[in-house]
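All values below come from the heavy atoms of this structure, side chains included, with hydrogens, waters and symmetry mates left out. We name chains A, B, ... by the order of the sequence lines, and we start the count at 1 in each one.
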2 protein chains.
Amino acid sequence: MRLSTKGRYGLKAMFELALHSGEGPIPLKDIAESQNISEHYLEQLVATLRRAGYVNSVRGAQGGYLLSKAAKNITVGDVIRCLEGQIAPAECVMEDAADCNRESYCVTQTVWKKIRDSVNEVIDNTTLQDMVDDHIKNH
Amino acid sequence: MRLSTKGRYGLKAMFELALHSGEGPIPLKDIAESQNISEHYLEQLVATLRRAGYVNSVRGAQGGYLLSKAAKNITVGDVIRCLEGQIAPAECVMEDAADCNRESYCVTQTVWKKIRDSVNEVIDNTTLQDMVDDHIKNH
DNA sequence: CATAATTCCAAGTGAATCAGTAGGGATTTA
DNA sequence: TAAATCCCTACTGATTCACTTGGAATTATG
């Protein structure tokens with residue numbers, strides 16, 4: 001029940017971009033250094049976020065990455081789902097799940113749904129802007 | 001962010017024991033067959049639950065397993081934590097976590113804590129008895 | 001124009017975890 | 001005595017994780 005480094009590093013990176021938005025493109029090198037993450041690995045994660053349309057890139061010297069939209073319009077859920085796939089404690093409660101099985105009603109499924117929904121509730125209602133505000137308030 | 005088969009099969013097994021409590025020991029063979037799980041694999045999961053004190057075993061022919069206490073006194077959280085370890089989306093929000101790191105305050109940590117707490121809220125407030133009641137109501 | 005700084009891309013890799021299997025031993029009922 | 005059960009230890013193939021390697025393409029700056 002742990003998130004992989006994809007989701008964890010990815011969210012840290014997105015937070016950094018949100019924190020410095022308006023300052024022009026931020027190179028991955030800076031983020032990788034400040035968070036002590038392999039730059040090359042982070043590159044792969046950010047590539048996924050770029051393909052999904054959450055960040056824009058600027059190539060060449062002085063280049064880097066920027067959020068593609070306002071921090072208040074990107075949720076933690078957007079980022080995590082993009083990098084980790086759907087949040088679901090069991091396959092049978094994923095969006096596209098084939099009908100569960102033997103019984104049309106399965107008790108454990110009810111539990112998995114409750115877990116899934118409560119996690120989604122949290123991550124869909126926290127934006128990058130919320131994280132930035134939280135950070136500023138605590139410094 | 002998926003549970004492994006340990007937690008999923010384990011909870012199904014515990015539900016079966018709860019559903020048939022009062023009927024004497026239930027052999028794993030029955031559970032494995034009805035849930036289409038490898039009996040030998042399930043054996044290992046139930047051994048963990050037994051060592052943790054959630055089930056009792058009766059050896060020999062006509063033997064099997066029983067809940068060690070009332071279904072209303074065993075939560076989904078008990079079962080899942082026993083088989084999967086602590087529920088925490090990131091190491092830094094586990095109980096015994098060493099102090100997170102570079103900064104005394106970390107924004108992503110706040111997010112992981114909210115996720116962890118919301119999952120715990122669900123699993124600690126659902127008992128095996130709740131699952132049985134739910135099952136009966138829906139049949 | 002050359003160089004350095006960056007993003008972009010594809011493949012490979014050692015370690016760990018997952019989801020079991022294999023092969024028995026011990027205990028109890030019929 | 002035989003069958004049904006639980007109990008225990010070790011092994012294993014497949015997959016995923018968390019990177020590393022090794023470059024190519026693009027752009028700003030001197």
Peer 1: So does B:Lys69 have more than 12 non-hydrogen atoms from other groups sitting under 6.0 Å from NZ?
Peer 2: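 Atom NZ in B:Lys69 is packed in, count exceeds 12.
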Peer 1: Any base atoms under 4.0 Å from B:Val46, or only sugar-phosphate, or nothing? Heavy atoms, all strands.
Peer 2: nothing
Peer 1: Can you tell which of D:dT20, C:dT7, D:dC6 lies closest to the side chain of A:Leu28?
Peer 2: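 Looking only at side-chain atoms, A:Leu28 lies closest to C:dT7.
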Peer 1: Give the residues of residues 60-67 of chain A touching DNA chain D, defined as any heavy atom closer than 4.0 Å, sorted by residue number.
Peer 2: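 Nucleic-acid contacts, sorted: A:Gly60, A:Ala61, A:Gln62.
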Peer 1: Can you find a donor-acceptor N/O pair under 3.5 angstrom joining the side chain of A:Glu43 to the base of C:dC9?
Peer 2: yes
Peer 1: If you only use heavy atoms from C-beta on, which nucleotide in C:dC8, D:dA10, C:dC18 is closest to the side chain of B:Gln44?
Peer 2: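 Looking only at side-chain atoms, B:Gln44 lies closest to D:dA10.
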Peer 1: Look at the side chain of A:Arg59 against the base of D:dT26 and say whether a donor-acceptor pair falls under 3.5 Å; ignore hydrogens and angles.
Peer 2: no
Peer 1: Less than 4.0 Å between a side-chain N and a carboxylate O, is that true for A:Lys72 and A:Asp133?
Peer 2: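 Here A:Asp133 does not pair with A:Lys72 in a salt bridge, since their nearest N and O are not under 4.0 Å apart.
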Peer 1: State whether B:Arg50 places a side-chain N or O below 4.0 Å from either non-bridging phosphate oxygen (OP1 or OP2) of D:dC6.
Peer 2: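 So the side-chain polar atoms of B:Arg50 never come under 4.0 Å of the phosphate oxygens OP1 or OP2 of D:dC6.
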Peer 1: OP1, OP2 of D:dC19 versus side-chain N and O of A:Ser38: anything below 4.0 Å?
Peer 2: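 Answer no for this pair, as no side-chain N or O of A:Ser38 is under 4.0 Å from OP1 or OP2.
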Peer 1: Could you pull out every donor-acceptor pair under 3.5 Å between side chains of residues 42-67 of chain B and any protein atom, sequence neighbours left out?
Peer 2:
from, atom 1, to, atom 2, distance (Å)
B:Glu43, OE1, B:His40, ND1, 3.4
B:Thr48, OG1, B:Gln44, O, 3.2

Peer 1: Going by heavy atoms closer than 4.0 Å, what residues in residues 77-89 of chain B are next to DNA chain C?
Peer 2: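 Output list: empty, so none.
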Peer 1: A quick test of your reading: do over 12 heavy atoms of other residues, nucleotides or ligands sit less than 6.0 Å from CD of B:Glu91?
Peer 2: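 For B:Glu91, atom CD is not crowded (no more than 12 foreign heavy atoms under 6.0 Å).
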Peer 1: Nearest of D:dG22, D:dC19, C:dT7 to any side-chain atom of A:His40?
Peer 2: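 Of the options given, the side chain of A:His40 lies nearest D:dG22.
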Peer 1: When you get a sec, tell me which of C:dA19, D:dC8, D:dA18 is the closest nucleotide to the side chain of A:Arg8?
Peer 2: D:dA18
